Amino acid sequence: MPASEPLDDLQTSLLRLGRLLASRQAASRLVEVAGVQVSQQGVALLRALRREGRVPAAELAAAAGMDLGAVSRQVRLLEQAGLVERSAHPDDGRVVLLELTDQGRGTAEHLHAISARHLEAALADWSDTERAAFAASLDRLVDDLRATPLAEPDRG
């Protein structure tokens, strides 16, 4: 078997990370530890609303990486649970704004604290310098991937 190449190793690691972060199993463990009844997509919306604050549904969908139809369905469930509320945009009544209720903010903060504690424990053996370098490199990679168009490989 040929030795792996650094780009192959990086792609494999990124795929593993993506699967872990998008895993229903990971989301289930998180809500179980938090003691809340929220779907995987609901967790993503709570996280996005925690970061973004009061936003239109389309912005929430973009922030959570979800389509608008899925956001609408999940927001209805989060509203029924008392975690999210809708209001009219003050300048344009046709635009619906979404935001966390006090209960939703508490739930989102609790989920965030559990996730942060997990990450901190996983990185316990990393120095502050290693953590900072990894964060900077990961940010740079995401920015570069977004800015670089896909292209067919040379077939020559």
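Just so you know, these numbers come straight off a predicted model, no measurement behind them.
At a threshold of 4.5 Å between non-hydrogen side-chain atoms, the residues S28 and E32 do not count as touching. In this structure, Q74 and M66 have side chains that are in contact, with non-hydrogen atoms separated by less than 4.5 Å. Between S115 and L30 there is a side-chain heavy-atom pair separated by less than 4.5 Å.
Note that the CZ atom of R73 and the OG atom of S39 stand 10.5 Å from one another [nearest 0.5 Å]. Separation of atoms CG (L98) and CG (L45) is listed at 9.0 Å; rounding is to 0.5 Å. Interatomic distance, CZ of R51 versus CG of L46, reported as 11.0 Å (0.5 Å rounding). Rounded to the nearest 0.5 angstrom, L49 CG and E99 CD are separated by 8.5 Å. Rounding to the nearest 0.5 angstrom, the gap separating the CG atom in L123 from the NE2 atom in H118 is 9.5 Å. Rounding to the nearest 0.5 angstrom, the gap separating the CG atom in L97 from the CZ atom in R54 is 4.5 Å.
Looking at E130, its side chain does come within 3.5 Å of a backbone N or O of S127 through a donor-acceptor pair. For T101 (side chain) and L83 (main-chain N/O), a donor-acceptor pair under 3.5 Å exists by modelled atom type. A distance-only check finds no donor-acceptor pair linking the side chain of Q41 to the backbone of A64 [under 3.5 Å].
Cluster annotation: L78 is connected to V31 through the hydrophobic network of ILVMFWY side chains, with a link wherever side-chain heavy atoms come within less than 4.5 Å. With hydrophobic clusters built from ILVMFWY side chains whose heavy atoms lie under 4.5 angstrom apart, L17 does not share a cluster with F134. V71 and V95 sit in two unconnected hydrophobic clusters of ILVMFWY residues. Membership requires side-chain heavy atoms under 4.5 Å apart, directly or through other members. The hydrophobic clustering, which links ILVMFWY residues whose side-chain heavy atoms are closer than 4.5 Å, places V33 and V36 together. Using a 4.5 Å cut-off between side-chain heavy atoms of Ile, Leu, Val, Met, Phe, Trp and Tyr, with links allowed through other members, L119 and L20 fall into different hydrophobic clusters.
Within 6.0 Å of CD on E120 lie no more than 12 heavy atoms contributed by other residues, nucleotides or ligands.
With respect to the salt-bridge test (charged N to carboxylate O, under 4.0 angstrom), the residues D143 and R140 do not qualify.
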**Prompt:** Please walk me through it: do L60 and V75 pass side chain to side chain contact (heavy atoms under 4.5 Å, CB included)?
**Reply:** CA-CA 10 Å; L60 179 58; V75 164; 4.3 Å; yes
**Request:** Could you give me the CA-CA distance, side-chain angles and deciding distance for R86 and R76, then say whether side chain to side chain contact (heavy atoms under 4.5 Å, CB included) is met?
**Result:** CA-CA 10 Å; R86 297 173 194 250; R76 275 193 298 279; 3.8 Å; yes
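Using modelled atom types, one finds no donor on one side chain facing an acceptor on the other under 3.5 Å when comparing S23 with R29. The closest side-chain donor-acceptor pair between R47 and H112, if any, does not fall under 3.5 angstrom.
For the side chain to side chain contact (heavy atoms under 4.5 Å, CB included) with V38, the qualifying choice from L77, V43, L111 is V43, the only one to do so.
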